[in-house]
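Data first, discussion second: the structure below is written as structure tokens.
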Amino acid sequence: MTTNKPNIAITMGDPSGVGPEIIVKSLNDKNIYENCRPFVIGDLKILKRALDVTNVDLQLNVILNPEDAKCQYGTIDIIDLDLVSEDLPWGQVSPEAGNAAFRYLEKAIAYANEGKIQGICTAPLNKEALHKAGHIYPGHTEILAELTNTKDFAMMLSAPGLRVIHVTTHVGIIDAINKINVDRQYTVIKLAHETLQKAGIKSPRIAVCGINPHAGENGLFGNGEEEEKIIPAIEKAQAEGINVQGPLPADTLFFRAKRGDFDIVVAQYHDQGHGPIKVLGLEAGVNITVGLPTIRTSVDHGTAFDIAGKNIADELSLKEAIRMAIELAPEK
């Protein structure tokens with residue numbers, strides 16, 4: 001049992017999606033309360049609705065500040081922002097829900113900046129709803145970076161036996177290749193090294209994917225992207241004592257990492273890194289934003305509007321995200 005439990009804020013995400021359901025299911029696990037002090041930032045009326053849908057027998061306790069939370073199994077503490085109507089439909093894109101998802105996260109970041117919490121765990125938001133509400137961001141990561149004034153950050157995914165960190169994420173493939181450069185490559189390698197060191201791995205084994213098939217195969221494929229954009233960053237990191245190899249062919253690298261040869265893989269673009277993680281199981285994947293002043297973890301799936309409100313959504317990914325937030329959070 002953790003003796004110095006971190007305060008973990010769980011944001012509801014889009015209230016029309018599966019976030020409320022997986023939150024109440026997750027907080028029906030006594031083990032979570034043994035290792036952290038969780039509370040929800042969202043809408044009370046929506047959480048009540050989620051309890052009804054899932055038949056989870058828990059009490060709700062409205063609080064005004066994180067320090068007021070009971071954090072006792074059997075009761076869900078909630079900061080009620082009261083942003084959406086009681087009859088908000090399940091599974092539909094709406095500006096009302098998109099704005100609420102943004103405001104929940106904004107509140108959590110304010111608490112983090114004040115030092116009141118040690119981690120944020122986010123339920124999924126819907127990008128279309130977010131944009132309809134006037135919040136034009138690609139996703140959670142970019143909101144978190146802007147509201148914490150963080151310049152150097154990256155998306156890290158974790159699944160059983162595999163960790164992946166991304167050089168680029170939510171951009172088209174041509175734009176991704178153009179955005180990859182030595183400075184960004186080095187920053188991501190450094191973030192991977194520092195994050196895993198904080199998690200207790202003394203000398204993390206880092207492997208870097210190539211951009212082209214077979215990592216360019218000495219110029220046979222591509223236009224020298226590996227030599228121009230990747231190798232100088234690896235050499236710089238190696239000179240600083242970082243245990244990093246590459247660029248290596250992505251088609252075999254993920255197999256080797258899953259086998260245990262490496263602690264983390266640096267992926268160059270979104271699908272290169274996301275694909276292998278999701279093959280291992282959507283229900284067990286965790287999304288981690290690296291480089292922020294506070295720990296942020298998330299489920300590795302979307303709002304699942306097609307099953308929202310039907311008590312079908314699996315909470316395992318959120319429970320894993322909470323567990324990862326506990327593991328990576330600094331001492332309270």
Side-chain angles (χ1 to χ4, degrees), residues 8-29 32 38-66 68-71 73-111 117 120-135 139-140 143 296-299 301-319 321-322:
I8 305 295
I10 303 170
T11 57
M12 189 178 282
D14 191 302
S16 294
V18 296
E21 294 171 77
I22 60 175
I23 287 172
V24 298
K25 288 181 178 180
S26 295
L27 294 181
N28 198 28
D29 184 341
I32 287 176
F39 67 94
V40 177
I41 300 176
D43 265 64
L44 178 66
K45 63 182 76 70
I46 301 299
L47 213 56
K48 284 180 178 177
R49 187 170 71 172
L51 288 173
D52 292 339
V53 165
T54 57
N55 296 312
V56 171
D57 185 19
L58 297 173
Q59 301 299 311
L60 297 176
N61 177 45
V62 177
I63 58 174
L64 298 178
N65 296 289
D68 299 331
K70 293 181 179 179
C71 298
Y73 173 67
T75 299
I76 299 177
D77 298 293
I78 176 170
I79 304 279
D80 179 21
L81 297 191
D82 192 21
L83 293 172
V84 298
S85 57
E86 192 169 359
D87 58 353
L88 182 77
W90 291 107
Q92 293 185 22
V93 173
S94 78
E96 182 182 13
N99 179 63
F102 179 84
R103 298 302 174 194
Y104 304 151
L105 185 62
E106 183 181 52
K107 189 70 169 177
I109 293 168
Y111 287 141
I117 59 175
I120 300 171
C121 185
T122 59
L125 53 71
N126 181 278
K127 294 179 180 65
E128 184 181 354
L130 188 72
H131 292 180
K132 283 181 178 293
H135 305 296
H140 269 116
I143 299 171
R296 178 261 173 168
T297 65
S298 177
V299 295
H301 61 73
T303 47
F305 278 170
D306 57 323
I307 62 170
K310 299 178 181 178
N311 195 23
I312 297 173
D314 192 312
E315 73 275 18
L316 180 58
S317 183
L318 182 60
K319 288 170 71 171
I322 296 170

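The model shown is predicted, which means the values in this text are computed figures rather than measured ones.
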Residues that [X] engages under side-chain contact (heavy atoms from CB on, under 4.5 Å), provided they are two or more places apart:
X	result
Ala123	Ile23
Thr122	Thr11, Leu105, Ile120, His140, Arg296, Ser298
Lys310	Ile312
Ala97	Asp14, Pro15, Ser16, Leu88, Ser94

Hey, could you give me the [atom1]/[atom2] distance between [X] and [Y], rounded to the nearest 0.5 Å?
X	Y	atom1	atom2	value
Leu58	Asn28	CG	CG	4.5 Å
His301	Asp314	NE2	CG	8.0 Å
Asp43	Ile78	CG	CD1	7.0 Å
Ile32	Cys71	CD1	SG	12.0 Å
Ile46	Leu51	CD1	CG	11.5 Å
Thr75	Tyr73	OG1	OH	10.5 Å

Would you tabulate the side-chain donor-acceptor contacts of residues 125-133 under 3.5 Å, counting partners in other chains and residues two or more places apart, or write 'none'?
unit_1 : atom_1 : unit_2 : atom_2 : d
Asn126 : OD1    : Glu128 : N      : 3.1
Asn126 : OD1    : Ala129 : N      : 2.9
His131 : NE2    : Tyr137 : O      : 2.7

### Query
Which residue pairs satisfy the side chain to side chain donor-acceptor pair (under 3.5 Å) criterion with at least one member in residues 51-64, sequence neighbours excluded?
Asn61-Asp77

How far apart are the closest heavy atoms of [X] and [Y], and which atoms are they?
X	Y	answer
Leu47	Pro20	CD1-O, 4.2 Å
Phe102	His135	CD2-CE1, 3.4 Å
Cys121	Leu318	SG-CD1, 3.6 Å
Thr303	Pro124	CG2-O, 3.5 Å
Val24	Val56	O-CG1, 3.9 Å
Val299	Ala321	N-CB, 4.1 Å

## Note on the structure
Contacts of Lys25 meeting side-chain hydrogen bond (donor to acceptor under 3.5 Å, both in side chains) (sequence neighbours excluded), chain-then-number -> Asn311

### Qualifying salt bridge (Lys or Arg N to Asp or Glu O under 4.0 Å) pairs with a residue from residues 78-101, counting only residues at least two apart or across chains
Lys45-Asp82

### Pairs touching residues 101-111 that satisfy salt bridge (Lys or Arg N to Asp or Glu O under 4.0 Å), sequence neighbours left out
Arg103-Glu106

### Close side-chain approach of Ile79 to Val40, heavy-atom, < 4.5 Å
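No, side chains not in contact.
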
### Query
Is there side-chain contact between Phe39 and Ile76, with at least one heavy-atom pair below 4.5 Å?
no

### Task
Indicate yes or no for a side-chain donor-acceptor contact from Glu315 to the backbone of Glu21 under 3.5 Å, with no hydrogens or angles considered.
no

### Task
May I ask you to check whether Tyr111 and Asn65 show a side-chain donor-acceptor distance below 3.5 Å?
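Distance-only check fails for Tyr111 and Asn65.
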
### Query
Sequence neighbours excluded, which residues qualify as salt bridge (Lys or Arg N to Asp or Glu O under 4.0 Å) partners of Lys319?
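Salt bridge (Lys or Arg N to Asp or Glu O under 4.0 Å) list for Lys319, sorted by chain: Asp29.
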
